[in-house]
Amino acid sequence: MSFLRGDADASTIFLTVRFIVIKIMIKSKAVMQTGNYDLAIIGAGPAGMMATVRASECGARVVLLEKNHVPGVKLLMTGKERCNITNAETDVQKFAARFGKNGKFLLSVLSRFGVRETIDFFHRNKLKTRVESDGRVFPESDRARDVQALFLRLMRENNVALLTDSRINNITRREDTIEKIILDTGEVSANNYLISTGGLSYPGTGSSGDGYNWAKQMGHTIVKPGPALTPLIIKERWVKALEGVSLKDVRISVYQGNKKREDGMGEALFTGVGLSGPLVLNMSKAIGKLLAGGQTDLFIDFCPETDFQMLDETLLRDLKEHGNRTIKNILSGLVPPKLVPLVLELSETDADKKGNSITKDERKKLRSLLKQFPLTIEGLSGFDKAIITTGGIALKEIDPKTMRSRIMKNLYFAGEILDLDGPTGGYNLQVCWSTGYVAGESAAHKGRDGDRE
Ligand SMILES: Cc1cc2nc3c(=O)[nH]c(=O)nc-3n(C[C@H](O)[C@H](O)[C@H](O)COP(=O)(O)OP(=O)(O)OC[C@H]3O[C@@H](n4cnc5c(N)ncnc54)[C@H](O)[C@@H]3O)c2cc1C
C-alpha cells in the first residue's frame, strides 16, 4: 500500500489538490497502517531518501515520513542550488581522513557504497555528472532540483509510501525495541525504523534536532552539537564595504599572540559582516576552538606565490614603469578594486599620489598590507548560517557495517545526525549517500518480520 505525493515539477494547482487528498489519506491511513511496513524512515533529506530507495529496491515495504511539504528542502540549497553531490576522491582511506579521527567509522560504508558507486548510481539513474576544481562533483545540469527529482521518481517507481506534512512528535519503545511513531495525525509502526532527521544547521529547512532527543530517550549518547563550516564575523566594521568581494587563491593565516595556529590557501568571500568562502568555512571549526582561548587574528596574503622580497621588487618596478599613474590605479592590478581604498587608508597613503612619488616607507607599508592584511575575528556565525553540524549520535553506539543502533535492536541512523562532519567539496553529502544506502539495505535484509536477535 502506498500513497505518494506529486513531484516538484507538477503544477501548483495539481500539487494543492494532491496535498489535500494526501492529508486525508495520511490522517486515516497513518492510524490504520500500523505494522504494515518493513521499515519506517523519519526525515526525507538526502540520507533518508537514499535509504528509502535502497530498502525499497531490496524489496522492503517502506514508509518515509517528512514534516515539510516536499522532501529534500536542504538538498535543493546545496552547492548554491547546483548540488555538489560528492567529491572525486575515490581513495577510501583518504576520503575518510577528511573527517578527522571519526572518519574511521566511515571505512566500511565507503567500501560498500563509496564515491564510485554513488556516481554510478546517479549515472545509472540518468543524472550525468561533471567534476570541477578540487574534485567537486556536480550534476551536469547544475540543478540540485534534478537530484531531488531523481529520488522522487525512484520512490514512486518503487511504490514507497511517502508522507509529507507529517511531523513526528514522538517514538515509543518496549524494552530494546522501537514500538511505534506518533504523529499529529495518528501512529505508524514498522518492523524497523531509521532516523535521518539531520542536524541543527539551517533550521528553516526542517533540521530542528528532533532526532537527537529521540535517540537520547532511547539511551544514545549525543556528542554536543555545534555549528560547523560557518562564516566568520569580523570585528572591523569596515568589512561591510567589501561585501561580495571574492578572493581567489589567497592564503589565510590565523594567529593567537605571535603564534601561527592555522594556515590555508584557497577561495574566500567578504560578507556584510565578515568572511566566508570554502577556505574560511573549512578553517572555521579550528578557529572556533581557538576563539575559546582568547583574541584570534586573521591575516590575508593576497600574493601568496610571491615572498616579501619579490613583492617589493614587483612594486618598485610597477611604481617606476607607471610613474605617472596614481597609486590607486597601480594597486588595482594587485588586489580587487574594492579593496584598494582600504589598503591605501590603512597604509596612510594618499590615493591620488603618483607612482613615482611613493616613498620607500609607503611602499613597505603597502607591501606589508598586501602580504598580511589584518582582521580581528569576533566570532563564528551560528547554526542559521552553518553548512553542517558537528557532534551528534556517538559513533561507538552504532554498528559501522550496518548503521544499526547497538542499543535498540530495530533502529538505524543515517546522515548528518551522526557525529561526523567533513570539509566543503561534496564530502558531507557523500556521508548521506553512503550511510543511507547501507542503512536502507541492512534494514531491508533484516527481514519483514524484524530480526529480534
Ligand atoms: C546552504 C547549504 C549548502 C550545502 N551545500 C552542500 C554541498 O554542496 N555539498 C555537500 O556535500 N553538502 C552540502 N551541504 C550539507 C548537506 O546539505 C547536509 O549534509 C545534508 O543535507 C544532510 O542530509 P540529511 O539527510 O542527514 O539531513 P537533512 O538534509 O537536514 O534532512 C533531514 C530531514 O528530516 C526532516 N525532519 C526533521 N525533524 C523531523 C520530524 N520531527 N518529523 C518529520 N521530519 C523531520 C527535515 O524536515 C528534513 O527534511 C550544504 C548545507 C547547506 C545548509
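Fair warning: this is a prediction, and the values are worked out from it, not measured in the lab. Order of appearance sets the numbers: ligands from 1, and atoms from 1 within every ligand.
- Of all atoms in ligand 1, listed by their number and element, those nearer than 4.0 Å to a heavy atom of Gly415 are 26 (O).
- Of all the heavy atoms of Thr197, the ones lying under 4.0 Å from any atom of ligand 1 are found in both the backbone and the side chain.
- Of all the atoms in ligand 1, the ones that sit under 4.0 Å from a non-hydrogen atom of Ile388 are 19 (O).
- Atom 27 (O) of ligand 1 has Gly198 CA, 3.4 Å as its closest protein atom, hydrogens excluded (heavy atom only).
- Atoms of ligand 1 found under 4.0 Å from any heavy atom of Thr205, numbered from 1 in the order shown, are 47 (O).
- Put simply, no part of Val431 is less than 4.0 Å from ligand 1, judged by heavy atoms.
- The neighbour count for Arg130 CZ, taken as heavy atoms of other residues, nucleotides or ligands under 6.0 Å away, is above 12.
- Under the 3.5 Å distance criterion, the side-chain polar atoms of Asn410 are matched with a main-chain donor or acceptor of Ile178.
- What sits closest to atom 40 (C) of ligand 1 on the protein, heavy atoms only, is Asp210 OD2, 3.6 Å.
- Summary of contacts: the protein heavy atom closest to atom 42 (N) of ligand 1 is Ile168 N, 3.1 Å.
- Look at Gly211 and you'll find every heavy atom at least 4.0 Å from all atoms of ligand 1.
- The nearest heavy-atom contact from the protein to atom 35 (C) of ligand 1 is Glu66 OE1, 3.2 Å.
- Near Gly45, meaning under 4.0 Å from any of its heavy atoms, are these atoms of ligand 1: 25 (O), 29 (O), 31 (O), 33 (C).
- Using a 4.0 angstrom heavy-atom cutoff, Trp214 counts as in contact with ligand 1.
- Ligand 1 has no nitrogen or oxygen under 3.5 angstrom from a nitrogen or oxygen of Gly199.
- Here Ser166 has backbone heavy atoms under 4.0 Å from ligand 1, and that is the only part of it that gets that close.
- For atom 12 (N) of ligand 1, the closest non-hydrogen atom on the protein side is Leu429 CG, 3.6 Å.
- Considering both main-chain and side-chain atoms, Ala47 comes within under 3.5 Å of ligand 1 through a nitrogen or oxygen pair.
- Scanning the protein heavy atoms around atom 8 (O) of ligand 1, the nearest turns out to be Gly79 N, 2.8 Å.
- For ligand 1, the atoms closer than 4.0 angstrom to any heavy atom of Ser207 are 30 (O).
- Ser276 pairs in a side-chain contact (heavy atoms from CB on, under 4.5 Å) with only one of the listed residues (Leu281, Ile387, Leu232), which is Leu281.
- Polar contact with ligand 1: absent for Thr78 (N/O pair, distance under 3.5 Å).
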Pairs of donor and acceptor atoms involving the side chains of residues 89-97, under 3.5 Å and at least two apart or interchain, shall be tabulated with distances.
from	atom 1	to	atom 2	distance (Å)
Glu89	OE2	Asp91	N	3.0
Asp91	OD1	Gln93	N	2.9
Asp91	OD1	Lys94	N	3.0

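- The pair Glu378-Arg237 counts as a salt bridge, with a side-chain nitrogen and a carboxylate oxygen less than 4.0 angstrom apart.
- Of the protein's heavy atoms, Glu416 OE1, 3.1 Å lies nearest to atom 19 (O) of ligand 1.
- For Arg153 (side chain) and Asn125 (main-chain N/O), a donor-acceptor pair under 3.5 Å exists by modelled atom type.
- Geometric assessment of Arg61 against the ring of Tyr37 yields a negative cation-pi assignment under the 6.0 Å and 45° thresholds.
- Using a 4.5 Å heavy-atom cutoff, the side chains of Ile168 and Ile182 are not in contact.
- Every N/O-N/O distance between Gln430 and ligand 1 stays at or above 3.5 Å.
- The closest approach between a heavy atom of Gly426 and any atom of ligand 1 is below 4.0 Å.
- Residue contacts with ligand 1 include Ile387, since one or more of its heavy atoms lies under 4.0 Å from the ligand.
- Between Arg404 and Asp399 there is no salt bridge, since no side-chain N of the basic residue sits under 4.0 Å from a carboxylate O of the acidic one.
- Within the 4.0 Å heavy-atom cutoff, Asn68 counts among the residues contacting ligand 1.
- With no hydrogens or angles considered, no side-chain donor-acceptor pair links Ser166 and Glu66 at under 3.5 Å.
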In a table with atom names and distances, give each donor-acceptor pair under 3.5 Å that connects a side chain of residues 222-229 to protein atoms at least two apart or in another chain.
none

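- Within the 4.0 Å heavy-atom criterion, neither part of Leu75 lies near ligand 1.
- In this structure, Asp421 contributes its side chain and Gly391 its backbone to no donor-acceptor pair below 3.5 Å.
- Judged purely by distance below 3.5 Å, without hydrogens or angles, the side chains of Ser208 and Lys67 pair a donor atom with an acceptor atom.
- Which parts of ligand 1 touch Gly206 is read off a 4.0 Å heavy-atom cut-off, strictly below it: atoms 36 (N), 37 (C), 38 (N), 46 (C), 47 (O).
- No more than 12 heavy atoms of other residues, nucleotides or ligands sit less than 6.0 Å from atom NZ of Lys216.
- At a 3.5 angstrom cut-off on N or O pairs, Lys67 counts as close to ligand 1.
- One N or O on the side chain of Ser434 and one on the backbone of Phe113 form a donor-acceptor pair closer than 3.5 Å.
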